[in-house]
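Taking it in order: structure first as structure tokens, then the write-up.
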Amino acid sequence: MKPSKTRTPGARKSQEMPAAVTRRGFLNGLWAVLGLAALAEFLWLAVSFLRPAKPGRTESQADAVVTAGALATFAPGTVTAFQNGAFYLVRLEDGGLLALSCKCTHLGCTVPWVEKEKKFLCPCHASAFDITGSVISSPAARPLDTFTVTVENNIVKVDTGRRFKRSGFDSGQPVYPPKARS
Amino acid sequence: MPPATEKRYKTLNPLGTLVLHFRPRRVPERTLRFTLTWGLGGMAAVLVLLQLFSGTLLKFAYGPLPTQAYESLVRLQEGFLFGRLVRNMHFWSANLLVVVVCLHGLRVFFSGGFHPPRRLNWVVGLSLFILLLLSNLTGYLLPWDQLAYWATTICVGVLEYIPLVGSRLQQVVLGGPQIGPATLRNFFALHTAVFPALIVMLMAFHFWRVRKAGGLVIPRAPAEEPEEKPAMVPTQPDLLLREAAMALAVIAGVLVLSLIFDAPMGQPANPGLSPNPTKAPWYFAGIQELLVHFHPSFALLITAALVFGLFCLPYLDYAEAPAGVWFASATGRRTALIAAAAAALATLLVVALDEYALDTSTMLPNLHPAVSLGLLPTVLLAAALAGLYAVMVKKFQATRLEAVQAVFVFLAVGWVLLTVTCVFFRGQGMKLRWPF
């Protein structure tokens, strides 16, 4: 403690002098910059190490498209659960198809379809959604997310690779299968 | 080495000298009084040591992969001698730690232990508390049962509502779009390396700051002036004996709890089925109860504001610093009691009203839910707190310290009641129910 006390006045004097950069000062500054650079490198390393790996597009895309089945198996007004893709295939009364995510938009619980009440009822915080995924009762603030549905040769496929957030239900969202020779 | 020092080294036993390395040689006699500290800080330290011990043992038995985790725990409980006991000890110390550390914080606050020179140590202590909660949360997922999986889902689900960085942060924490092998790896690394290391380092700093502050606050009556030269007693044996006795009692208590009550173990995690109701661990139940009443962004905002307020508590520029006086003064005691009563009444009333009578989103259908369920009630809450502060100052002539203390008491009591409501009084679909 003591030696530093006697040294302080001198040190302060040299600080007060705006004066030319001394060699000592310059080298000390250089060390500090190098030290900070090393720290930044390690931080960068840690951050890039921990960033979640981008899901290999090629690999997941093949897995992502789930073949739901023949169009005829989905009667109007029904909801079919697909555990492996974590979505519901909804056939609206007017024949439109919607693929709804199972994840509650509130905090991510899995929402079961309650056939008796014709609602998706979240067990975690009691959010409720109707058959189109729109919010009937809060706390959930937005409708269930959707996935893209395609119908080819009367076979329904769902691309679970990308989920779409929406703010409400509109008539553009359901996919209507081409009327077969009607 | 000078002869005097050498002699001292010979006369003290080596363990005693090690302890004295971060303890002063002598401590003020009045700080030994049990009713000053209730032994809470020491209890917390003992429980952390128990955690390190039982956690290290568990690490030898645990497989941090979704396919192994649950089975490795079943094997631990059935195949290992004392396996179940060690897991129970880890579970009970973790839960007791939250309680003990909360009480320790309350003790420090109400006995004025956060005034200078102890301000920084309040911040260190709070950081330790947050690390403890994070440790508990990351440990909660590891059994990979239904309870673990879904409690973690909703806890991490909250992150999404942090503005701007929320979804990305959630992705980093989960290591992907949802809880999976990467999440378990992340949580395991955090739980068994990062958080324990940080906690041990900060604990050393915490203890050292206590010594730097000249020990604990010396208890005194409101009218009493602080003593110039308090009576001192040697740390060894006066303090150390008491601490050792307390440590043994705590260890015995944890052992008894672990022998009688088993740590919960549900069905293996099933990502397709959320149990009804799904609840966060009890120490986050306060936030979950807020989520029932508030828009998620605002529930988070309120929680963040409360934590920020706690960190600021020592730095609010009080006129006086009555270290050692319980509840600051006679007025402080009275106002704290009134605030506690007001909080109990207000919380229960609001919870019941929100459940049975009020539905702001249907009452105000034109407003966005973020306003009717978020902004509006948050502003009301802030107004209520400001009102409480003003009443304390105007009506009860409270000083700033006493008024801040009243607001603190109000929020603390409210938080405890929210936690109790969520843990015991919420049943299926998070509806209020009678627990018995």
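Order of the sequence lines fixes the chain letters, A, B, ..., with proteins taken first and strands second; residue numbering starts at 1 for each chain. These figures come from a predicted structure and were not determined experimentally.
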Looking at B:Ser274 and A:Cys109, would you say the former's side chain and the latter's main chain have a donor-acceptor pair under 3.5 Å? no
How about A:Glu117: does its CD atom have over 12 heavy atoms from other parts shown lying under 6.0 Å from it? yes
Check whether B:Leu159 gets within reach of chain A through its side chain, its backbone, both or neither, counting any heavy atom under 4.5 Å. neither
Is it the side chain or the backbone of A:Ser167 that comes within 4.5 Å of chain B heavy atoms, both, or neither? neither
At a heavy-atom separation under 4.5 Å, does B:Pro296 approach chain A through its side chain, its backbone, both, or neither? side chain
So, B:Tyr161 side chain and A:His106 main chain: donor-acceptor pair closer than 3.5 Å or not? yes
So for B:His293, is it side chain, backbone, both, or neither that comes closer than 4.5 Å to the heavy atoms of chain A? neither
Would one find more than 12 heavy atoms of other residues, nucleotides or ligands at under 6.0 Å from atom CG of A:Asp170? yes
Does A:Lys118, at its NZ atom, have more than 12 non-hydrogen atoms belonging to other residues, nucleotides or ligands within less than 6.0 Å? yes
Does the side chain of A:Leu107 come within less than 4.5 Å of B:Val158's, by heavy atoms? yes
Neighbour count above 12 (heavy atom, 6.0 Å) for A:Phe164 CZ: yes
Less than 4.0 angstrom from a charged side-chain N to a carboxylate O is my criterion; do A:Lys165 and B:Glu160 meet it? yes
